[in-house]
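These notes are about the structure you will find just below.
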Amino acid sequence: MFASTSAKADRGDTKDSVANIRETGVFAVNIVEYALREAMNRTSGPWACGVDEFADAGLEKGACRTIDCAYVAAAPAVLECKLTQIVQLDGTANFVVFGEVTGVHLRDNCIVDGVFDVTRFSPLARLGYTDYAAVHEVFSMARPEAD
Ligand SMILES: Cc1cc2nc3c(=O)[nH]c(=O)nc-3n(C[C@H](O)[C@H](O)[C@H](O)COP(=O)(O)O)c2cc1C
């Protein structure tokens, strides 16, 4: 799921993502790494709905396999999703979009011994305002067994 808030003049009550998903019933979630930060930020601009934001940001498209949708070919991981529900929240132009994951892409160089290894890239996280965090250190902890 993801939440969308606010609207664009050329999309009525929402922005491009929710409007596209209403039309097509599908969406792809692309995980962002530090190396893709500039392209990611470029796609957050208030571009007109007809603009191809892959081309605008210099991103290569891949073709999803279980849905009719493009994904970011360079992304370390991608979830192909079929829309299940759009929930409108109180306030103006607030939506939560839920999807069922029908396909998963894991970049070849992130697979180590058959497992997705997040230390092979630097995942990016959004903080507040214009701040981000890049994950450079990862540790594991086993969950305790019942006493
Ligand atoms: C890292 C990042 C995370 C964002 N997360 C959200 C979010 O969760 N919900 C939202 O409505 N806008 C979010 N935005 C802002 C949208 O990217 C921006 O409003 C964009 O124009 C919306 O795209 P759309 O018109 O294609 O839907 C985010 C922007 C960035 C750079």
Side-chain angles (χ1 to χ4, degrees), residues 1-112 115-141 143:
M1 54 68 67
F2 70 94
S4 178
T5 188
S6 80
K8 289 171 73 202
D10 63 0
R11 286 300 202 176
D13 67 338
T14 187
K15 299 189 285 188
D16 293 331
S17 299
V18 173
N20 285 334
I21 293 164
R22 277 178 180 155
E23 282 169 25
T24 64
V26 297
F27 58 99
V29 176
N30 302 280
I31 301 302
V32 182
E33 64 179 329
Y34 184 75
L36 290 171
R37 65 195 182 283
E38 295 290 350
M40 173 215 65
N41 197 40
R42 178 73 195 169
T43 67
S44 73
W47 318 131
C49 64
V51 171
D52 181 339
E53 295 184 11
F54 284 88
D56 178 75
L59 291 168
E60 189 186 332
K61 286 180 190 173
C64 290
R65 295 189 188 173
T66 65
I67 57 174
D68 184 12
C69 185
Y71 70 91
V72 174
V78 179
L79 305 176
E80 298 185 5
C81 301
K82 288 186 179 159
L83 171 65
T84 55
Q85 199 178 2
I86 297 179
V87 178
Q88 182 155 16
L89 303 178
D90 287 346
T92 306
N94 296 322
F95 298 93
V96 187
V97 179
F98 294 88
E100 177 188 356
V101 176
T102 56
V104 176
H105 298 254
L106 303 175
R107 203 170 63 198
D108 283 348
N109 68 357
C110 299
I111 307 277
V112 179
V115 174
F116 188 69
D117 185 343
V118 293
T119 66
R120 303 306 301 265
F121 65 100
S122 295
L124 209 60
R126 178 91 184 270
L127 302 176
Y129 306 102
T130 56
D131 295 335
Y132 293 84
V135 178
H136 295 304
E137 186 184 334
V138 175
F139 61 90
S140 303
M141 288 194 292
R143 216 177 275 173

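These numbers come from the heavy atoms of this one structure, side chains and all, not from hydrogens, waters or symmetry mates. Both counts, for ligands and for their atoms, begin at 1 and track the order of listing.
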If we only consider heavy atoms of A3, is any one of them less than 4.0 Å away from an atom in ligand 1?
yes
Check this for me: E60, atom CD, are more than 12 non-hydrogen atoms of other residues, nucleotides or ligands nearer than 6.0 Å?
no
Take a 6.0 Å sphere around CZ of R65 and say whether it holds more than 12 heavy atoms from other residues, nucleotides or ligands.
no
Quick check: does E53 get an N/O under 3.5 Å from an N/O on ligand 1?
no
Taking the inter-plane angle between the rings of H105 and Y71 on a 0 to 90° scale, is it parallel (under 30°), tilted (30 to 60°) or perpendicular (over 60°)?
tilted
Which residue and heavy atom of the protein sit nearest atom 5 (N) of ligand 1, plus the separation
R126 NH1, 3.8 Å
With a 4.0 Å cut-off on heavy atoms, is G45 in contact with ligand 1?
yes
Best match, K8, R42, K15: closest heavy atom to atom 22 (C) of ligand 1:
K15
Would T24 and C69 count as a side chain to side chain contact (heavy atoms under 4.5 Å, CB included) if you check the C-alpha gap in whole Å, the side-chain angles of each, and the deciding distance to 0.1 Å?
CA-CA 9 Å; T24 64; C69 185; over 6 Å; no
Would you mind checking which non-hydrogen protein atom is closest to atom 18 (C) of ligand 1, with the distance to 0.1 Å?
S44 O, 3.5 Å
Which of the atoms in ligand 1, numbered in the order shown and given with their element, are less than 4.0 Å from a heavy-atom of S17?
24 (P), 26 (O), 27 (O)
Which atoms of ligand 1 sit under 4.0 Å from any heavy atom of M40?
1 (C)
Using a cut-off of 6.0 Å, state whether more than 12 heavy atoms not belonging to D68 lie near its atom CG.
no
As a test of the contact definition, would atom 20 (C) of ligand 1 count as having a protein heavy-atom neighbour under 4.0 Å?
yes
re atom 26 (O) of ligand 1, the protein heavy-atom contact at minimum distance is D16 CB, 3.2 Å
Within 6.0 Å of OH in Y34, more than 12 heavy atoms from elsewhere:
no
Plane angle bin for F2 and F27 - parallel if under 30°, tilted between 30 and 60°, otherwise perpendicular
perpendicular
Please report the closest heavy-atom contact between L106 and A77, naming both atoms and the distance.
CD2-CB, 4.0 Å
Quick check: does T5 get an N/O under 3.5 Å from an N/O on ligand 1?
yes
Short N or O distance, Y132 and ligand 1, threshold 3.5 Å exclusive
no
For R11, which part has a heavy atom under 4.0 Å from ligand 1: side chain, backbone, both, or neither?
neither
D108 CG: over 12 foreign heavy atoms closer than 6.0 Å
no
